[in-house]
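Right, one structure below, let's go through it.
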Amino acid sequence: MHFGWCIFPIFALAGCASQPVIAPNGVVSNNPCIDAVLAEIALPGQVTAISSYSHDPDSASAPVAWSAKLPAIGTGAEEMLLARPKLVLTGNLAASGANAVLARARVKTVAIGVASTIAEDIQQIRTIAAALGRVDAGEALISDIHKSLPDTQISASPMSAIIWQNGGFVAGKGTLQDELLARHGFRNASAQYGLSAWSVLPLETLVRNPPQVIFMPTAARGADAYALDARQKLLRHLGNRTQIVDFPDSLLFCGGPTIMKVSAILTKTRNSIQKAIP
């Protein structure tokens, strides 16, 4: 999906002329996961534009209050060239063609993919920090992430669990979320349903063979709200067999600082279940 510059209601009446001007010679990011890291480690004024996704609370991983202070930019090469950046941080949302155009224009570009492990995510933070000249700030963020995780993977009595997104998508094997579940003492139940990394789990299949814990959104808007209401009505029939834990979709989009939020939820859930066991 491509976002343009004139997409937000605050600018609707005034038109494109009201869109904040992107200051030249700065750091531009068109990826919301990179934005989340920048919000933690960049110096004030160092970042001059961020992904359009980061202006939407439903898709932002960076703090929306931080994002609102910066102009938004899409993934097109034309937009990024017009911004006259010193550095472009880009990810899987940018087409390879756009990155090639930037390379021909001799714009320094650092591309960051989708991390599937904690170690890979940590290395990506180091790459971003090095590109910004903020190595110490990057290491401080990495230290906070490590502190949020259990010292070692909890292996005793793993609890079966799934992370079930709106639309029925499940984070399966080979995902960052799968590793986080295991690290906190949960067994990802996606395998018992024969699911791959990101597959759809039908509600009927889940109800027939539910896990001990379902991490899922408990609120939604628009069409997702109707589907979520129907899902919750059926899940009530599970009674005490399964614990439903609020897990917003936004926690599935990125790693980086989001890992700390996910870790807090997983730790709290496991501790509460253990305390309830006689």
**Report entry** Partner set under salt bridge (charged side-chain N to carboxylate O under 4.0 Å, His left out) for K268, not counting sequence neighbours
**Finding:** none
**Report entry** Residue pair V88 / P85: nearest heavy atoms and the distance that separates them
**Finding:** CG2-CG, 3.5 Å
Query - Pairs satisfying salt bridge (charged side-chain N to carboxylate O under 4.0 Å, His left out), at least one member in residues 251-265, at least two apart - result: none
Query raised in the report: Going by heavy atoms in the side chains, are L206 and P211 under 4.5 Å from each other?
Result: yes
Report task. Report yes if some heavy atom in the side chain of E204 is under 4.5 Å from a heavy atom in the side chain of V207; otherwise report no. Result -> no
Query raised in the report: For A264, does its backbone N or O pair with a side-chain atom of T267 as donor and acceptor, under 3.5 Å?
Result: no
Report task. List the atom of A115, the atom of L176, and the distance in Å for their closest heavy-atom pair. Result -> O-CB, 3.9 Å
Query - Straight-line distance of I162 CD1 to F186 CZ, nearest 0.5 Å - result: 12.5 Å
Query raised in the report: Which heavy atom of S61 sits nearest a heavy atom of P32, and at what distance?
Result: CB-O, 4.1 Å
Query raised in the report: Got a donor-acceptor contact below 3.5 angstrom from the T242 side chain to the P210 backbone?
Result: no
Query raised in the report: If you look only at pairs with a residue in residues 120-149, which of them pass as a disulfide (SG to SG under 2.5 Å), with sequence neighbours excluded?
Result: none
Query - Where L89 and A131 come nearest, the two heavy atoms and their spacing - result: CD2-CB, 4.3 Å
List, one per line, each side-chain donor-acceptor pair under 3.5 Å for residues 191-198, sequence neighbours excluded.
residue, atom, partner, partner atom, Å
Q192, OE1, R187, NH1, 3.4
Y193, OH, N209, O, 2.4
S196, OG, S199, OG, 2.7

Report task. Kindly compute the distance separating CG (L251) from CZ (F215), expressed to the nearest 0.5 Å. Result -> 11.0 Å
Query raised in the report: Which pair of non-hydrogen atoms, one from L70 and one from H55, has the smallest distance, and what is that distance?
Result: O-NE2, 2.8 Å
Query - Those residues that, when tested against T127, pass side-chain contact (heavy atoms from CB on, under 4.5 Å) (two or more places apart) - result: V110, I112, Q123
Report summary line: side-chain contact (heavy atoms from CB on, under 4.5 Å) filter on Q46, not counting sequence neighbours, yields V27, A42, L43, L132, R134
Query raised in the report: Does the side chain to side chain contact (heavy atoms under 4.5 Å, CB included) test come out yes or no for V107 and M80, once each step is laid out?
Result: CA-CA 9 Å; V107 175; M80 288 182 277; over 6 Å; no
Query raised in the report: Can you name the salt bridge (charged side-chain N to carboxylate O under 4.0 Å, His left out) partners of D178, sequence neighbours left out?
Result: K173
Query raised in the report: Can you pull the side-chain hydrogen bond (donor to acceptor under 3.5 Å, both in side chains) pairs that have at least one residue in residues 158-172, sequence neighbours excluded?
Result: N166-D249
**Report entry** Flag, side chain of E179 to backbone of I118, donor-acceptor distance under 3.5 Å
**Finding:** yes
Report task. Treating Ile, Leu, Val, Met, Phe, Trp and Tyr as nodes and any side-chain heavy-atom pair under 4.5 angstrom as an edge, say whether V135 and I41 lie in one connected cluster. Result -> no
Query - V213 vs V245 side-chain heavy atoms within contact, under 4.5 Å - result: yes
Query raised in the report: With sequence neighbours excluded, what pairs up with D246 under the side-chain hydrogen bond (donor to acceptor under 3.5 Å, both in side chains) test?
Result: T218
Which pairs would a plain distance check flag for residues 137-149, meaning a side-chain donor or acceptor within less than 3.5 Å of a matching protein atom at least two apart in sequence or in another chain?
residue, atom, partner, partner atom, Å
E139, OE1, R126, NH2, 3.2
E139, OE2, R126, NE, 2.7
S148, OG, I145, O, 2.7

Query raised in the report: Got a sec, which residues hit side-chain contact (heavy atoms from CB on, under 4.5 Å) with P24, two or more places apart in sequence or on another chain?
Result: R84
Query - Spatial distance of atom OG1 (T117) from atom CD1 (I122) [nearest 0.5 Å] - result: 9.5 Å
Query raised in the report: In Å and rounded to the nearest 0.5 Å, what is the CG to OG1 distance from L252 to T258?
Result: 9.5 Å
Report task. Applying side chain to side chain donor-acceptor pair (under 3.5 Å), run through T90 and N30 and close with a yes or a no. Result -> CA-CA 6 Å; T90 183; N30 60 21; 3.1 Å; yes
Requested in this report: Dump the intermediate steps for side chain to side chain contact (heavy atoms under 4.5 Å, CB included) on R270 and I273, then the final yes or no.
Outcome: CA-CA 5 Å; R270 183 171 177 85; I273 293 175; 5.9 Å; no
Report task. Please lay out, stage by stage, how W66 and I50 fare under the test side chain to side chain contact (heavy atoms under 4.5 Å, CB included). Result -> CA-CA 10 Å; W66 176 83; I50 57 171; 3.7 Å; yes
Query raised in the report: Would you say T205's side chain and L201's backbone share a donor-acceptor pair under 3.5 angstrom?
Result: no
Report task. Keeping the roles fixed (side chain from S67, backbone from S54), state whether a donor-acceptor pair exists under 3.5 Å. Result -> yes
Query raised in the report: Of all residues at least two apart in sequence or in a different chain, which pass the side-chain hydrogen bond (donor to acceptor under 3.5 Å, both in side chains) check with S190?
Result: N188
Query - Gap separating the CZ atom of R183 from the OG atom of S263, nearest 0.5 angstrom - result: 8.5 Å
Query raised in the report: Is a side-chain N or O of H184 found less than 3.5 angstrom from the main chain of V262, in a donor-acceptor match?
Result: no
Requested in this report: Dump the intermediate steps for side chain to side chain contact (heavy atoms under 4.5 Å, CB included) on Q124 and C33, then the final yes or no.
Outcome: CA-CA 10 Å; Q124 289 181 353; C33 296; over 6 Å; no
Query raised in the report: Under the side chain to side chain donor-acceptor pair (under 3.5 Å) criterion, do S29 and D35 qualify, and how do the steps go?
Result: CA-CA 6 Å; S29 163; D35 294 345; 2.6 Å; yes
Query - Heavy-atom closest contact (G74 atom, S52 atom, distance) - result: N-OG, 4.0 Å
**Report entry** Sub-4.5 Å side-chain heavy-atom contact between V37 and P257
**Finding:** yes
Query - Test ring-ring contact (aromatic ring centres under 6.0 Å, His included) applied to F253 and Y53, step by step - result: CA-CA 11 Å; F253 300 153; Y53 289 92; 8.6 Å; no
